[in-house]
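Scope of the values below: all heavy atoms of this structure, side chains included, with no hydrogens, waters or symmetry mates.
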Amino acid sequence: QVQLVESGGGLVQAGGSLRLSCAASGRTFSSYAMGWFRQAPGKERECIAGISSWNGVNTYYADSVKGRFTISRDNAKNMVYLQMNSLKPNDTASYYCAAARAAMLHPTMTVNYWGQGTQVTVSS
């Protein structure tokens, strides 16, 4: 089984930046497509970013974060990152790292493993 642990959440002012980290267990990390989801109270869980397995060349971004967020992976360290810039109050949500045994993670596919979540709060 794959275990995912997020970190890096916190309270920031609008316009600020945060970098979320996801530490993954296992020796087969590179074979998983990885991604980030977020969920605010009363709202649907949203896939906001995905990165392809292996070399991670292919990425996906939801329109709501495109141009502001960047997903990356470091296979040597079993890490996935989400760099979040120009944060807005409506970015406030719990952010979840996700892994899928597939070439690419995107909104329509099934996630195999979830992290516990990390809270991001953006003040106005």
Side-chain angles (χ1 to χ4, degrees):
Q1 295 184 341
V2 175
Q3 294 182 358
L4 306 173
V5 180
E6 303 97 332
S7 62
L11 174 64
V12 297
Q13 293 183 338
S17 298
L18 282 174
R19 189 182 75 161
L20 304 184
S21 299
C22 175
S25 66
R27 54 190 288 267
T28 60
F29 171 75
S30 296
S31 69
Y32 288 86
M34 303 295 296
W36 290 92
F37 290 70
R38 69 183 183 186
Q39 187 169 29
K43 295 185 178 180
E44 192 84 3
R45 184 168 293 193
E46 175 189 21
C47 179
I48 57 171
I51 189 166
S52 58
S53 58
W54 306 111
N55 58 19
V57 169
N58 299 313
T59 56
Y60 160 83
Y61 297 100
D63 289 341
S64 57
V65 306
K66 193 173 299 181
R68 300 187 298 121
F69 292 9
T70 303
I71 188 171
S72 61
R73 67 189 300 158
D74 186 340
N75 292 334
K77 298 180 178 179
N78 277 24
M79 296 289 292
V80 179
Y81 304 98
L82 185 68
Q83 179 66 45
M84 305 185 295
N85 298 325
S86 301
L87 284 162
K88 306 173 181 179
N90 60 7
D91 292 321
T92 296
S94 292
Y95 285 71
Y96 299 88
C97 183
R101 203 69 176 268
M104 184 63 192
L105 190 147
H106 51 77
T108 61
M109 70 179 300
T110 300
V111 172
N112 297 111
Y113 300 98
W114 295 94
Q116 84 288 353
T118 186
Q119 179 67 36
V120 172
T121 302
V122 183
S123 62
S124 59

Please enumerate all residues that pass salt bridge (Lys or Arg N to Asp or Glu O under 4.0 Å) together with K66, with sequence neighbours excluded.
D63

Just to verify, what does D91 make a side-chain hydrogen bond (donor to acceptor under 3.5 Å, both in side chains) with, not counting sequence neighbours?
R38, R68

Kindly list each side-chain donor-acceptor pair under 3.5 angstrom involving residues 103-111, sequence neighbours excluded, with atom names and distances?
{"unit_1": "H106", "atom_1": "ND1", "unit_2": "T108", "atom_2": "N", "d": "3.4"}
{"unit_1": "H106", "atom_1": "ND1", "unit_2": "T108", "atom_2": "OG1", "d": "2.8"}

Sequence neighbours excluded - salt bridge (charged side-chain N to carboxylate O under 4.0 Å, His left out) pairs with any residue from residues 104-124
none

Test salt bridge (Lys or Arg N to Asp or Glu O under 4.0 Å) applied to R19 - qualifying residues, sequence neighbours left out
none

Tell me the disulfide (SG to SG under 2.5 Å) pairs involving residues 24-66, sequence neighbours left out?
none

With sequence neighbours excluded, residues passing salt bridge (Lys or Arg N to Asp or Glu O under 4.0 Å) with R73
none

What residue pairs, at least two apart or across chains, pass disulfide (SG to SG under 2.5 Å) with a residue in residues 52-124?
C22-C97

Could you note down all residue pairs passing salt bridge (charged side-chain N to carboxylate O under 4.0 Å, His left out) where residues 95-115 supplies at least one of them, sequence neighbours left out?
none

Test question: given the 4.5 Å side-chain rule for I, L, V, M, F, W and Y, name all other residues clustered with V12, or answer none.
V2, L4, L18, L20, F29, Y32, M34, W36, I48, I51, Y61, V65, F69, I71, V80, L82, M84, L87, Y95, Y113, V120, V122

If you look only at pairs with a residue in residues 80-89, which of them pass as a side chain to side chain donor-acceptor pair (under 3.5 Å), with sequence neighbours excluded?
S17-N85, Q83-N85

By side-chain hydrogen bond (donor to acceptor under 3.5 Å, both in side chains), which residues pair with S94, not counting sequence neighbours?
Q119

